Amino acid sequence: MKIWISTLSVLICLFLASAGCGMVTRSARSAAPDAAVSEALKNPAENLPESSDASEKLISGKSLSGKSLSGNSYYLFMAQELAKKQGDLDAAVEFMKLAVEKDPESLYLKKELAVLYLHQKAHDKALTVVEQILAQTPDSVDALLMAATIRKTINQEDDVTAIYEKVLEIDPDRENVYQLLGKIYFSAGDMDNALRTYEQLITRFPENYVGYYYIGEIYGIRGDYETAEAMFTKALAISPSLNEARLELIKLYRLTGQTEKIADMYRTILEQEPDNIVAAIELALYDHAADPAAARTRLMDLGRQSVDDPNVIATVLQYLVLQKRIDDALVVLSGMGEGAPDSAEISYATGIVQYEKENLAQALGQFQKIEPDSRFYENALLHMAIIYYKTEDLDQGIAVLETGLDQLPPEAAVSLVPYLSSFYREKDMIDDAIRVIREGLAVDAENTELLFDLGVIYDRQGKTDLALDRMQQVLVLEPDHPDALNYIGYTYADQGIRLDEAEEMIKKALSFKPDNGYIIDSLGWVYFKKGRLAEALAELRRAADLIPDDPVLLEHLGDVYLALDNPLKALEYYNQALEKKDRDPEVLQKKIDALRDNVGNKTGNTIQDQE
């Protein structure tokens with residue numbers, strides 16, 4: 001009822017048209033009723049018609065099947081056209097469904113209905129209508145292609161290859177269909193059918209670039225580099241401005257050691273794309289041995305280009321450094337540095353590369369060149385601090401980070417705080433560590449990393465309640481924080497309280513870090529506190545495989561073996577723990593002494609005698 005009321009004006013127009021009032025005129029122009037559908041077939045989700053010239057055909061009283069349309073079918077079609085123009089797709093669909101009911105033999109009306117469904121992204125409904133069309137005309141290429149496109153959209157690609165094969169049987173001059181079908185086979189790894197399809201394509205369309213390109217790919221995969229080279233070369237002869245085939249040829253030439261041909265390919269690419277950074281880098285690396293002067297000039301040009309184009313440095317890092325071509329990266333950056341000696345970007349990238357090569361002094365020298373106004377300054381400070389930590393120069397690390405705190409804006413300086421607090425703790429400067437964390441929290445009160453670090457410090461000070469409070473704050477802000485979950489769960493277990501909650505929290509932490517030995521140790525400790533000794537031992541052994549030298553874990557294993565009435569095994573792990581323990585060894589030593597005395601009193605022998 002809602003549809004009919006909302007389209008009252010449409011029906012009035014139709015009535016006036018039928019009464020000859022001139023609002024809709026008959027036309028003698030020839031119609032092209034399949035044009036809209038054919039356009040939709042190219043991309044039915046995007047290229048849907050706003051209106052259809054088929055109304056001209058319908059006004060003449062004929063359907064696409066050549067049969068006369070009943071008045072109702074005609075009026076309903078016109079009603080959907082006007083509803084569609086008004087943007088009311090739901091109404092248009094309803095009118096078109098009624099039109100199809102009135103003229104069920106009209107293939108055109110069904111195609112229009114399918115297109116309307118595609119407008120609505122109702123792909124399943126569109127496919128149902130298209131399948132009805134195919135039931136009437138199984139060899140309709142347009143309907144087959146529409147069915148294939150819809151099936152791809154709804155991830156039913158298994159049926160698409162058969163449809164494309166049938167289309168090519170019916171109409172072998174569909175160039176685009178060969179390309180679509182070949183790509184499906186190629187992507188699925190079916191190289192035999194892919195090759196067959198692309199060979200059919202180039203036989204019928206000898207100037208098709210795509211066909212030769214993929215045949216080259218297939219022969220390259222098969223190791224037939226000579227044929228692959230011939231196919232890529234033919235593709236380039238057809239479309240010399242496209243560089244994909246050149247890049248594939250470069251891969252082949254690398255495999256076959258044809259360096260001069262590689263250089264030729266990059267020269268051609270640079271002629272066509274003067275700003276191609278990768279080609280410039282590769283050609284400079286080739287010339288570095290063959291023509292050092294040319295390489296130097298090219299790299300200096302790249303250095304100057306990098307001052308205004310951040311993509312140059314990004315390409316060096318991504319293309320060379322991340323691919324572990326470290327020596328090549330050093331050659332490139334060194335040459336670029338000559339062209340732009342004051343570039344912070346080049347200094348930073350060079351520092352990264354030297355650090356990767358473990359040339360720490362050279363890396364430090366590069367990072368020290370970077371001034372506070374550079375966008376790399378913050379990261380450079382952190383790298384310098386890490387280098388000082390590795391070289392055990394904690395005082396210099398502290399000095400660098402404190403300088404950064406003074407020179408960076410407060411919001412940026414917060415990122416340095418976790419590192420500086422760690423350095424302070426390494427130097428046993430606990431008050432300074434707490435101070436700098438509190439200063440960071442004054443800038444960013446919801447920084448979970450700082451809250452967690454502060455909780456850890458309180459824990460080491462024996463202030464368990466304060467530590468738990470900070471960890472709870474972390475979970476309020478980040479409920480899935482695995483380390484905070486583990487800390488609280490382990491603390492509850494260690495205190496023998498809220499053990500079910502502790503187990504739940506630790507298991508949740510493990511879901512995020514399933515191979516973390518410390519969290520696995522916590523789970524084992526919960527089981528121990530619950531008296532589930534076999535499970536406790538299994539988890540603690542699993543943790544020991546991951547963190548074999550952790551004294552707390554080793555002591556836990558001793559406790560479990562003692563509870564299992566295996567004092568000798570317990571003593572073995574207690575002694576290992578004592579060797580590794582660097583804090584408060586007295587408590588563990590007393591435990592060992594008590595165990596020796598207890599066993600000796602029961603047996604009349606000392607533990608040493610039993611060992």
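Atom set for the values below is all heavy atoms of this structure, side chains included, hydrogens, waters and symmetry mates excluded. All values reported here derive from a predicted model rather than from experimental measurement. Start at 1 with the first residue, then count along the sequence.
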Checklist line | Test salt bridge (charged side-chain N to carboxylate O under 4.0 Å, His left out) applied to Arg542 and Glu539, step by step | finding: CA-CA 5 Å; Arg542 187 160 70 97; Glu539 295 300 332; 2.8 Å; yes

On a heavy-atom basis, which atom in [X] and which in [Y] lie closest, and how many Å separate them?
X      : Y      : result
Leu416 : Leu405 : CD1-N, 3.9 Å
Ile346 : Ser306 : CD1-OG, 3.7 Å
Leu451 : Gln473 : CD2-OE1, 3.3 Å
Val474 : Ala484 : CG1-CB, 3.8 Å

Next item on the list: Could you pull out all residues at least two apart from Ala433 that satisfy side-chain contact (heavy atoms from CB on, under 4.5 Å)?
Entry: Ser421, Tyr424, Arg425, Ile457

Note to self: For Gln258, give me all partners under side-chain contact (heavy atoms from CB on, under 4.5 Å), at least two apart in sequence or on another chain.
What the structure shows: Tyr253, Thr256, Lys261

Next item on the list: Determine whether Asn243 and Glu273 make a side-chain contact, defined as any pair of heavy atoms from C-beta on separated by less than 4.5 Å.
Entry: yes

Note to self: If you define the side chain from C-beta out and look only at heavy atoms, does anything of Leu320 sit under 4.5 Å from Ile326?
What the structure shows: no

Item checked: Other residues, nucleotides, ligands: >12 heavy atoms within 6.0 Å of Tyr319 OH -> yes

Item checked: Summary of salt bridge (charged side-chain N to carboxylate O under 4.0 Å, His left out) pairs that have at least one residue in residues 382-407, sequence neighbours excluded ->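 Sorted pair list: Asp395-Lys427.
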
Note to self: Is there a salt bridge (charged side-chain N to carboxylate O under 4.0 Å, His left out) between Arg470 and Asp453? Walk through the geometry before answering.
What the structure shows: CA-CA 9 Å; Arg470 295 302 176 275; Asp453 286 350; over 6 Å; no

Going by atom type alone, with no hydrogens or angles, which donor-acceptor pairs under 3.5 Å involve a side-chain atom of residues 523-530 and a protein atom two or more places apart or on another chain?
residue, atom, partner, partner atom, Å
Trp525, NE1, Asp494, OD1, 3.0
Lys530, NZ, Asp500, OD1, 2.7
Lys530, NZ, Glu503, OE1, 2.5

Margin query: Which residue in the set Ile281, Thr350, Ile313, Asp301 passes side chain to side chain contact (heavy atoms under 4.5 Å, CB included) when paired with Met336?
Written below: Ile313

Notebook entry, point to check: So, Tyr266 versus Tyr286, ring centres under 6.0 angstrom or not?
Noted result: no

Check: Taking only residues two or more places apart in sequence, or in another chain, which ones meet His481 in a ring-ring contact (aromatic ring centres under 6.0 Å, His included)?
Finding: Phe452

Between [X] and [Y], is there a side-chain N and carboxylate O pair less than 4.0 Å apart?
X      : Y      : result
Glu282 : Arg254 : yes
Asp192 : Arg222 : yes
Glu248 : Lys251 : yes

Next item on the list: Any chance you could lay out the salt bridge (charged side-chain N to carboxylate O under 4.0 Å, His left out) test for Asp483 and Lys513, step after step, and finish with the verdict?
Entry: CA-CA 9 Å; Asp483 296 319; Lys513 292 185 174 182; 3.2 Å; yes

Notebook entry, point to check: Does the salt bridge (charged side-chain N to carboxylate O under 4.0 Å, His left out) test come out yes or no for Asp432 and Arg435, once each step is laid out?
Noted result: CA-CA 5 Å; Asp432 288 307; Arg435 171 186 56 78; 3.3 Å; yes

What side-chain donor-acceptor pairs closer than 3.5 Å can you find for residues 360-379, not counting sequence neighbours?
residue, atom, partner, partner atom, Å
Ser374, OG, Phe376, N, 3.0
Tyr377, OH, Gln407, OE1, 2.5
Glu378, OE2, Ser415, OG, 2.3

